[in-house]
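What follows is a set of notes on a single structure, which appears directly below.
Ligands are counted one by one from 1 in listed order, and the atoms in each one are counted from 1 as well. In this text, all values refer to a predicted model and were calculated from it rather than measured experimentally. Each residue takes its place number in the sequence, starting with 1.
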Amino acid sequence: MSNLYDEIKALKERKNAIILAHYYVPDPVQEIADYIGDSFYLSKKAKETQADIIVFAGVLFMGESAKMLTPGKKVLMPDRTADCSMAHMGTVESVAQVRAAYEDVAAVCYINSTTELKAACDVCVTSSNAVQIVKKLPQHTIFFTPDRNLGHYVSTQVPEKEFILNQGCCPIHEDIEPAAAAAAKTAHPGAVFLVHPECRQDVLAMADYIGSTSGIIQYAAAAPARECIIGTEEGVFHELTMQNPDKKFYPVRPGQCCDNMKKITLEKVRDCLRDETNEVILDETICRKAVRSLDRMLELAK
Ligand code: 13P
Ligand code: SF4
């Protein structure tokens, strides 16, 4: 194992590369990363970096977003089949239909989406900035795609606007059910309940805190509570336990696991960096349009 770490470190130095990792990838990959974070933080890091190569330890939409924000850089994916299933649950046609039916509408695209969908929308958001950005949009009607759960959560925080929600969702977060949340609360009566806004609205209604993966980690560190029930993918437990060795963290139920994120291994990180394989290549025309949505997100989130 340590040889693999040393090999990756040497490759990073020799090639002026950095590794960006999402909190959901396996622990050893989080440990070798230069930056670990939520989708918004990692997009900003991709845009800022002076490195020549970015290895994106995450799912495809993350690597594609990094490539759009830094077109001159080489972005490599450790596993090109690691994809977010929700990213494909929104269509360009549905955006066109809503635009035809409503005059004063903004198409808002969760960053967990394809490049084509980003190109068709007006602005991108992540779970950590969606409320802030939607509040700032001049349009009264919001078409939120692809995630109905994040879209519904935003609608509760921005009641002055009207929302049309695309009916996609993350299978992992959708599977966290209220009955399991109630059972976890009964089993751990002193614990606070922290959830990701990709969870169902009946689960969000039971939460003490709702936020992105980074938001959950920050809240858990600052909260006086010694125990937390966590309603998101289990990869966050690595950072939670590192930052708070004296606190206890429980999943709502076993198996809160994104199989695509778990495809990212140290061996694949090493191989793609050594051989410069699985480079993200995007169609230039679509990319030019899609990056406008990402740049607008970065601007409105300031
Ligand atoms: P964050 O932006 O909160 O890290 O979420 C990304 C994601 O894929 C959640 O399922
Ligand atoms: Fe996509 Fe859900 Fe996996 Fe996040 S946890 S990457 S939303 S499938």
Side-chain angles (χ1 to χ4, degrees), residues 20-26 29-30 33 35-46 56-66 69 77-90 108-115 117-118 124-133 144-154 166-176 194-200 203-204 207 209-220 230-240 251-253 255-264 294 297-298 301:
L20 303 182
H22 190 266
Y23 286 123
Y24 293 166
V25 297
V29 180
Q30 293 192 39
Y35 299 100
I36 319 166
D38 68 4
S39 313
F40 183 47
Y41 174 82
L42 295 173
S43 309
K44 286 190 294 185
K45 284 293 162 204
F56 212 118
V59 287
L60 188 60
F61 78 82
M62 297 179 172
E64 289 177 345
S65 300
L69 291 166
M77 301 301 297
D79 186 324
R80 72 165 87 230
T81 71
D83 200 356
C84 166
S85 44
M86 180 168 59
H88 302 276
M89 294 183 189
V108 177
C109 183
Y110 191 19
I111 198 166
N112 298 39
S113 53
T114 60
T115 304
L117 194 60
K118 288 181 178 76
C124 262
V125 296
T126 74
S127 57
S128 66
N129 60 32
V131 171
Q132 182 191 352
I133 288 176
F144 197 97
T145 185
D147 185 8
R148 64 167 176 248
N149 291 332
L150 178 61
H152 182 269
Y153 171 66
V154 176
N166 181 75
Q167 289 303 312
C169 66
C170 162
I172 290 95
H173 288 84
E174 185 77 5
D175 273 358
I176 298 174
L194 320 182
V195 301
H196 196 281
E198 285 179 18
C199 287
R200 302 153 45 136
V203 172
L204 298 192
Y209 172 79
I210 300 165
S212 74
T213 51
S214 294
I216 288 173
I217 290 163
Q218 279 162 20
Y219 186 95
I230 303 295
T232 193
E233 210 272 353
E234 64 193 21
V236 295
F237 282 78
H238 180 60
E239 189 69 22
L240 284 168
V252 176
R253 59 163 185 76
Q256 291 169 196
C257 178
C258 177
D259 292 342
N260 278 292
M261 288 284 191
K262 299 306 185 237
K263 288 179 181 173
I264 311 302
L294 283 169
M297 170 184 82
L298 295 175

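Each of the following atoms of ligand 1 lies closer than 4.0 Å to a heavy atom of Ser212: 3 (O). For ligand 1 and Tyr24, the ligand atoms under 4.0 Å from any heavy atom of the residue are 7 (C), 8 (O), 9 (C), 10 (O). Annotation for ligand 1: atoms under 4.0 Å from non-hydrogen atoms of Ser39 are 1 (P), 2 (O), 4 (O), 5 (O), 6 (C). Short contacts between ligand 2 and Met86, defined as distances under 4.0 Å to a heavy atom of the residue, involve ligand atoms 7 (S).
In this structure, a donor-acceptor pair under 3.5 Å is absent between the side chains of Ser127 and Tyr153. A side-chain donor-acceptor contact under 3.5 Å links Thr126 and Ser128. One side chain, His88 or Asp83, offers a donor N or O that lies under 3.5 Å from an acceptor on the other.
The shortest N/O to N/O separation between Ser214 and ligand 1 does not fall below 3.5 Å.
For Gln256 (side chain) and Glu234 (main-chain N/O), no donor-acceptor pair under 3.5 Å exists by modelled atom type. A donor-acceptor pair under 3.5 Å links the side-chain atoms of Glu233 to the main chain of Cys258, judged by distance alone. Within the 3.5 Å criterion, the main-chain N or O of Pro26 finds no donor-acceptor partner in the side chain of Lys262.
Other residues, nucleotides and ligands place more than 12 heavy atoms under 6.0 Å from the OH atom of Tyr209.
For atom 1 (P) of ligand 1, the choice among Val125, Leu42, Thr213, Ile172 with the nearest heavy atom turns out to be Thr213. When the options Ser39, Ser127, Cys84, Gly235 are ranked by their closest heavy atom to atom 1 (Fe) of ligand 2, first place goes to Cys84. Comparing His196, Met261, Glu198, His22 by heavy-atom distance to atom 3 (O) of ligand 1, the nearest is His196.
At a cut-off of 2.8 Å, Cys258 coordinates atom 3 (Fe) of ligand 2 through an N, O or S atom.
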>> Assess the residue pair Val125 and Phe40 against the criterion (side-chain contact (heavy atoms from CB on, under 4.5 Å)); give the C-alpha distance rounded to whole Å, side-chain angles, the decisive distance to 0.1 Å, and a yes or no.
In response: CA-CA 8 Å; Val125 296; Phe40 183 47; over 6 Å; no

> Checking side-chain contact (heavy atoms from CB on, under 4.5 Å) for the pair Leu20/Met62: CA distance, chi angles, key distance, verdict?
Replying inline: CA-CA 10 Å; Leu20 303 182; Met62 297 179 172; over 6 Å; no

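What you find for Arg148 and Asn166 is that their closest heavy atoms are CB-O, 3.2 Å.
The closest approach between a heavy atom of Ser127 and any atom of ligand 1 is below 4.0 Å. Distances shorter than 4.0 angstrom occur between a heavy atom of Asn112 and an atom of ligand 1. Within the 4.0 Å heavy-atom shell around ligand 2 one does not find Glu233. Within the structure, ligand 1 has His173 among the residues with a heavy atom less than 4.0 angstrom away. Not a single heavy atom of Tyr23 sits closer than 4.0 Å to an atom of ligand 1. Asn112 counts as a contact of ligand 2, since one of its heavy atoms falls under 4.0 Å from the ligand.
Counting heavy atoms under 4.0 Å from ligand 1, residue Asp38 touches it through both backbone and side chain.
In terms of protein heavy-atom proximity, atom 2 (Fe) of ligand 2 is closest to Cys170 SG, 2.3 Å. For atom 4 (Fe) of ligand 2, the closest non-hydrogen atom of the protein is Tyr24 CE1, 3.8 Å.
Between Ile176 and Arg200, every side-chain heavy-atom pair lies at or beyond the 4.5 Å cut-off.
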